[in-house]
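Shown next, in structure tokens, is the structure this report addresses.
Note that the structure is a prediction, hence the values are computed from the model and not measured. Residues take their numbers from the sequence shown, with the count starting at 1.
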Amino acid sequence: MRSVSPATQSPSDPSRLRIGVSACLLGERVRYDGGHKRAAGLIRATEGVVEWVQVCPEVEVGMGTPRETLHLRGGANSPRLVTTETDVDHTDAMVAWARARIASLACAEIDGFVLKTRSPSCGLASVPVQGADGENTTGRGVFAAEVARALPDLPLADEEQLADPVKLTAFLRRVATHRELRVR
């Protein structure tokens, strides 16, 4: 497995599937506490098949490591990305950065994306959202929502889904199909 820096724009090994990934899943120490969430099983299972393009929305938008934790607040369909203690709203900066970064990822010819489960930036579903009325619900992370909006045909998954070998195989097939359709 080879990890590709964010600046890389074209595939270096055309035999490998090029997939975006939350950097913490590759073992990068980019989480709020300076840690990682290395998905060793996923990395092992995709060895030689995948060329990863790592992304950490929170670090790349300018938040440091370690940093204050974030949560989603508001409605499930358009939540705000807010720091837990100091109440700083990072939503507008994250959306602006995400739109530019997603455009560069499309130019980098990615054909899928694996995102960090339940992250307020990267979670695909089941991310806790603190409602203004005191009701809590769940939604999608701000970066994940922008990826889904901008690239609606791009196969997306989270690392927990892909822990199941059957689901991983199905995801990799969807990624390969996406690549075939893109290069036609």
Side-chain angles (χ1 to χ4, degrees), residues 1-12 16-44 46 50-72 79-86 88-129 139-151 154-163 171 175:
M1 181 215 43
R2 193 166 157 274
S3 176
V4 179
S5 72
T8 302
Q9 291 298 307
S10 61
S12 59
R16 294 184 185 197
L17 297 172
R18 197 162 163 83
I19 301 175
V21 63
S22 294
C24 62
L25 298 176
L26 295 181
E28 297 294 326
R29 296 186 175 282
V30 293
R31 290 184 45 88
Y32 71 94
D33 60 359
H36 63 80
K37 287 290 185 175
R38 182 173 165 77
L42 175 65
I43 294 167
R44 200 172 28 259
T46 58
V50 170
E51 182 172 17
W52 296 109
V53 178
Q54 59 185 351
V55 176
C56 179
E58 294 168 12
V59 168
E60 291 182 40
V61 80
M63 296 180 208
T65 302
R67 61 184 165 273
E68 186 176 350
T69 58
L70 297 163
H71 68 275
L72 297 179
R80 306 297 294 177
L81 183 64
V82 181
T83 57
T84 307
E85 299 298 320
T86 58
V88 175
D89 189 328
H90 291 279
T91 311
D92 295 338
M94 179 63 74
V95 168
W97 168 85
R99 290 179 177 166
R101 185 66 167 104
I102 292 164
S104 76
L105 289 168
C107 290
E109 300 176 339
I110 65 165
D111 289 303
F113 213 112
V114 178
L115 294 146
K116 177 66 189 108
T117 305
R118 290 182 293 284
S119 159
S121 296
C122 293
L124 284 174
S126 303
V127 180
V129 179
R140 183 174 270 183
V142 174
F143 176 71
E146 286 300 314
V147 171
R149 182 196 60 73
L151 304 171
L154 189 72
L156 304 175
D158 64 47
E159 85 285 3
E160 287 185 359
Q161 294 167 331
L162 301 183
F171 175 72
V175 170

Evaluate the salt bridge (charged side-chain N to carboxylate O under 4.0 Å, His left out) criterion for residues Glu146 and Arg101: first the C-alpha distance (whole Å), next the side-chain angles of each, then the deciding distance (0.1 Å), finally the verdict. CA-CA 10 Å; Glu146 286 300 314; Arg101 185 66 167 104; over 6 Å; no

Decide yes or no on side-chain contact (heavy atoms from CB on, under 4.5 Å) for Leu17 and Asp111, but give the supporting numbers first. CA-CA 7 Å; Leu17 297 172; Asp111 289 303; 5.9 Å; no

Counting distance only, does the side-chain N/O of Arg67 pair as donor-acceptor with the main-chain N or O of Gly64 below 3.5 Å? yes

Which heavy-atom pair separates Pro79 from Thr91 by the least distance, and what is that distance? O-CG2, 4.1 Å

Taking the side chain as every heavy atom from C-beta outward, state whether Arg18 and Glu51 have any atom pair closer than 4.5 Å. yes

Do the non-hydrogen side-chain atoms of Gln54 and Val30 ever get within less than 4.5 Å of each other? no

Heavy atoms of Tyr32 and Glu68 approach each other most closely as CB-O, 4.5 Å

Do His90 and Val88 make a side-chain contact, defined as non-hydrogen atoms from C-beta onward lying under 4.5 Å apart? yes

Do any side-chain atoms of residues 120-127 form donor-acceptor pairs under 3.5 angstrom with protein atoms, and if so which ones, sequence neighbours left out?
unit_1 : atom_1 : unit_2 : atom_2 : d
Ser121 : OG     : Glu58  : OE2    : 2.7

Could you measure the distance from the CD atom of Glu28 to the OG1 atom of Thr65? Nearest 0.5 Å is fine. 10.5 Å

Contacts of Ala93 that satisfy side chain to side chain contact (heavy atoms under 4.5 Å, CB included) - sequence neighbours left out: Val61

When you look at Leu72 and Leu81, which way does the side-chain contact (heavy atoms from CB on, under 4.5 Å) test go after all the steps? CA-CA 5 Å; Leu72 297 179; Leu81 183 64; 3.9 Å; yes

Step by step, work out the side-chain contact (heavy atoms from CB on, under 4.5 Å) result for Phe113 and Leu154. CA-CA 7 Å; Phe113 213 112; Leu154 189 72; 4.2 Å; yes

Do you know which of Ile110, Leu42, Leu25 makes side-chain contact (heavy atoms from CB on, under 4.5 Å) with Trp52? Leu42

What is the minimum heavy-atom distance between Met63 and Leu70, and which atoms define it? SD-CD1, 3.8 Å

Is there a side-chain contact between Met94 and Arg80 in this structure, where contact means two heavy atoms from C-beta onward sitting under 4.5 Å apart? no

Decide side-chain contact (heavy atoms from CB on, under 4.5 Å) for Ile43 and Arg38; before the verdict, give the C-alpha distance in whole Å, the side-chain angles of both, and the deciding distance to 0.1 Å. CA-CA 8 Å; Ile43 294 167; Arg38 182 173 165 77; 3.2 Å; yes

I want to check something: taking the side chain as every heavy atom from C-beta on, are Ser22 and Leu115 in contact at a cut-off of under 4.5 Å? yes

Check Val129 against Gly139 and note the closest heavy-atom contact, atom names and distance. CG2-N, 3.6 Å

Is the shortest side-chain heavy-atom distance between Phe171 and Ile19 below 4.5 Å? yes

Check: Thr117/Glu159 side-chain N/O donor and acceptor closer than 3.5 Å: yes

First locate atom CZ of Arg149, then atom CZ of Arg140, and finally report the distance between them rounded to the nearest 0.5 Å. 12.0 Å

